[in-house]
Colleague: 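My structure is below; once you've seen it, I'll send some questions.
Throughout, a chain's letter reflects where its sequence line sits, starting with A, and its residues are numbered from 1. Keep in mind that what you see is a predicted model, and the values were worked out from it rather than measured.
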2 protein chains.
Amino acid sequence: MTRDTGTASKTSAAAANTGPRYLRIQRMLAGRIESGAYPVGSLMPTESDLGEEFATSRFTVREALRCLTEDGYVERRQGMGTRVISLRPQRRYHQSFESLQELFQVAVDTTMVVLGDQPVVLDGELAERVGGRAGERWIRIDGVRWTAPGGRPICYIQSYVPERFEALVQQFAEHRGPFFDLLERRSGAAIEEVQQEIRAVEMPLAIARQLGLPAGAASLQLLRRYVTAGAILIASFNWHIAGEMTYKMRIRRGRQQPD
Amino acid sequence: MTRDTGTASKTSAAAANTGPRYLRIQRMLAGRIESGAYPVGSLMPTESDLGEEFATSRFTVREALRCLTEDGYVERRQGMGTRVISLRPQRRYHQSFESLQELFQVAVDTTMVVLGDQPVVLDGELAERVGGRAGERWIRIDGVRWTAPGGRPICYIQSYVPERFEALVQQFAEHRGPFFDLLERRSGAAIEEVQQEIRAVEMPLAIARQLGLPAGAASLQLLRRYVTAGAILIASFNWHIAGEMTYKMRIRRGRQQPD
DNA sequence: GGCTCGGATTTGTCCAGACACATTTCGGCA
DNA sequence: TGCCGAAATGTGTCTGGACAAATCCGAGCC
């Protein structure tokens, strides 16, 4: 070891030479990756080698490599080594949700009134939109969400579920909370992904009438597909009255170095 | 230490008793949190205590606690301890972007035509929407994005930037690519967060005319605020022609618990 | 009362090892 | 030639320490 962390550090290049040892090493290694010294696709030196080079223990090198992994620079596998997979920290931006309820963005104490359900056979266009295949038999459930029983309408909902959930559809009417929640619980399959599409469309006549609006009223249409391992659990169209609904999201930059 | 990791493990409860030591401890601690043995808001036992209880080293306990931190169960601070912040594994869902261009969702080879710019003083409502304060002086830049020079219009854009970027506004017209990109580069401040609001609105008359649409045409309005450390870099309203634009997003479940 | 200044406590960083486990490579054997 | 097992290689897990840095709390002082 050379000197110490705290004593002779703040004199020279203040930025690069401060902080814990493993972070300094992490920065150095990141620099080598970005400069091409460790090309993308190649294997980095082993932990032992790096430890020797930086005159430090394997523990410290591992901490540095752990950071590189989390930042997306490298990929590590036991028995194989540390492979460079990206040249850049990939300044990642992401939006995170504590739960799918947040994605929902509708207060939980609103009430859903189910208008009815009916079997449908998907045609080409519908199949594409709900994420099924043309010719498959699904069930469509129609409903309206209200601010409160007898209150103002919030949106019109058309949900499509595969026929195999037929037995559960009856429970939709008395279920409080979103359908995907019930389906996820009963089917036992965890929702792995949600695909959402947002558009502005003129509200179909029948729907506008249900919401007490004139024909051709503008609406915000949300389409959500809830996907478990491979299969669609439920796909849902929501028509929100224009102006009544704002879909808000915050996208944040991921994990930056402390500086 | 009791016996070993590999020998007498797979006999009993196969699920809970396998895997590395730190993961078993992590599962046990998570169980205690979920069962309320460690209430939310309280401090957990210290690393040393846990190490003593599980008859293991502090390193192993730290690995377990690191997992709990990543899963969102606890929060750790030097000198204070490990505080329970959540009862549940917080099955997190998130949407990630490799870059802000992805958020943009408009092909990069479209062309932006700047119509002009003018200083504005924010009134209360505008201030709230662009993220400034009432009375502040900002600059509004109007423009239209086209599929190609002389092609079809895609959307009308009103961007607001604080007055301090006045000198950069002239460069907007000949800049290719999004404005935030230019501002981020020139100001040197990294965009930390983007706030986005999506609504369906009737297009204002003046805007509809610019896009060659009848008055009152439905549109998808996107409002994006690009935030650097504390300050708004630019806020942008985009009016997309209804039906022409679909905002798509995929939200995926992050790192699932072993269960 | 309000302030500062030391401990005591607790997590953060770090060391020098050890064995387990996964992967690749290579030599031996059929 | 082709297959299989063993050795080499490298990361994963783990021990039992050590000191540093942040935080909290109480004692003492103004």
Side-chain angles (χ1 to χ4, degrees), chain A residues 1-10 17-29 38 41-70 73-85 255 257-259, chain B residues 1-10 17-29 38 41-70 73-85 255 258:
Chain A
M1 218 181 5
T2 55
R3 203 72 177 98
D4 194 9
T5 320
T7 54
S9 58
K10 57 175 72 76
N17 220 17
T18 53
R21 192 98 184 245
Y22 73 96
L23 277 183
R24 300 204 309 255
I25 294 177
Q26 187 263 354
R27 281 195 293 266
M28 273 195 263
L29 294 178
Y38 299 146
S42 68
L43 288 174
M44 291 191 45
T46 68
E47 295 177 351
S48 315
D49 288 351
L50 290 173
E52 200 170 332
E53 177 190 341
F54 292 112
T56 185
S57 74
R58 198 176 142 222
F59 175 93
T60 306
V61 170
R62 276 179 68 77
E63 281 295 314
L65 289 174
R66 191 199 293 261
C67 292
L68 288 180
T69 306
E70 285 186 2
Y73 281 105
V74 302
E75 181 182 68
R76 294 156 60 68
R77 232 177 342 148
Q78 191 176 143
M80 212 182 75
T82 303
R83 187 173 298 281
V84 180
I85 58 172
R255 295 201 352 88
Q257 299 308 316
D259 50 14
Chain B
M1 204 172 27
T2 54
R3 207 71 178 97
D4 194 10
T5 322
T7 53
S9 58
K10 57 173 73 73
N17 219 16
T18 53
R21 191 101 183 238
Y22 73 96
L23 276 182
R24 300 202 312 251
I25 293 177
Q26 187 262 356
R27 281 195 293 266
M28 274 194 265
L29 295 177
Y38 298 146
S42 68
L43 287 174
M44 291 191 45
T46 68
E47 296 177 351
S48 313
D49 289 351
L50 289 173
E52 201 170 330
E53 178 191 339
F54 292 112
T56 186
S57 74
R58 199 179 141 218
F59 174 91
T60 306
V61 170
R62 277 179 67 77
E63 280 295 314
L65 289 174
R66 191 201 291 262
C67 291
L68 287 180
T69 306
E70 285 187 3
Y73 282 103
V74 301
E75 183 182 66
R76 294 154 60 68
R77 225 168 358 140
Q78 191 175 148
M80 211 182 73
T82 303
R83 189 172 297 281
V84 180
I85 57 172
R255 307 192 342 85

Colleague: Would you write the dot-bracket representation of DNA chain C, where each base gets (, ), [, ], | or . depending on whether it forms a Watson-Crick or G-U pair under 3.5 Å and with which partner?
Modeller: ||||||||||||||||||||||||||||||
Colleague: Which nucleotide wins on minimum distance to the side chain of B/T56, given the candidates C/dT11, C/dA18, D/dC14?
Modeller: D/dC14
Colleague: Are A/R76 and A/E47 side-chain neighbours, meaning at least one heavy-atom pair lies under 4.5 Å?
Modeller: yes
Colleague: Mind calculating the distance between CZ (B/R76) and P (C/dT13) to the nearest angstrom?
Modeller: 10 Å
Colleague: To the nearest Å, how far apart are B/Y22 OH and D/dT11 C1'?
Modeller: 12 Å
Colleague: Can you tell me how far P of C/dC14 sits from CD of A/Q26, to the nearest Å?
Modeller: 12 Å
Colleague: Output a table of nitrogen or oxygen pairs between the protein and nucleotides 22-24 of chain D separated by less than 3.5 Å.
Modeller:
residue, atom, partner, partner atom, Å
D/dA22, O4', B/Q78, OE1, 3.2

Colleague: Answer yes or no: is there a side-chain heavy-atom contact under 4.5 Å between A/E70 and B/E70?
Modeller: yes
Colleague: To the nearest 0.5 Å, what is the distance between CG (B/L50) and CZ (B/R58)?
Modeller: 11.0 Å
Colleague: Would you mind reading off the distance between A/R83 atom CZ and D/dT11 atom P, rounded to a whole angstrom?
Modeller: 12 Å
Colleague: Looking only at heavy atoms, which two atoms of A/C67 and A/Q26 are closest? And how far apart?
Modeller: CB-CG, 3.5 Å
Colleague: Do any N or O atoms of the protein come closer than 3.5 Å to N or O atoms of nucleotides 6-8 of chain C, and which pairs are they?
Modeller:
none

Colleague: When only distance counts, do a donor and an acceptor, one from the side chain of B/R21 and one from the base of D/dG12, lie under 3.5 Å apart?
Modeller: no
Colleague: In whole Å, I'd like the distance from the CZ atom of A/F59 to the C1' atom of D/dG17.
Modeller: 13 Å
Colleague: Please check this pair: side chain of A/R83 against backbone of A/L43, looking for a donor-acceptor N/O pair closer than 3.5 Å.
Modeller: no
Colleague: Looking at every heavy atom in both B/Y38 and B/E53, which two are closest together, and how far apart are they?
Modeller: OH-OE1, 4.5 Å
Colleague: A/T60 has a side chain; which of C/dC15, C/dT13, D/dC14 sits nearest to it?
Modeller: C/dC15
Colleague: Using a 4.0 Å cut-off on heavy atoms, which residues in residues 42-51 of chain A reach DNA chain C? List them by number, or say none.
Modeller: none
Colleague: Is any side-chain heavy atom of B/Y22 closer than 4.5 Å to one of B/T56?
Modeller: no
Colleague: I need the CZ-P distance between B/R24 and D/dT13, as an integer number of Å.
Modeller: 12 Å
Colleague: In this structure, how many angstroms lie between the C1' atom of C/dA16 and the CZ atom of A/R62, rounded?
Modeller: 15 Å
Colleague: Please tell me which of B/G81 and A/S57 maps to the more 5' nucleotide of DNA chain C, matching each residue to the nucleotide holding its nearest heavy atom.
Modeller: B/G81
Colleague: Under the salt bridge (Lys or Arg N to Asp or Glu O under 4.0 Å) test, which residues partner B/E75, sequence neighbours left out?
Modeller: none
Colleague: Restricting to salt bridge (Lys or Arg N to Asp or Glu O under 4.0 Å), what partner residues turn up for B/E52, sequence neighbours left out?
Modeller: none
Colleague: Here's a test for you: under side chain to side chain contact (heavy atoms under 4.5 Å, CB included), which of A/L29, A/I85, A/L65, A/L68 qualifies with A/Y73?
Modeller: A/L68
Colleague: Would you kindly give the CZ-to-C1' distance between A/R58 and C/dT13, to the nearest whole Å?
Modeller: 17 Å
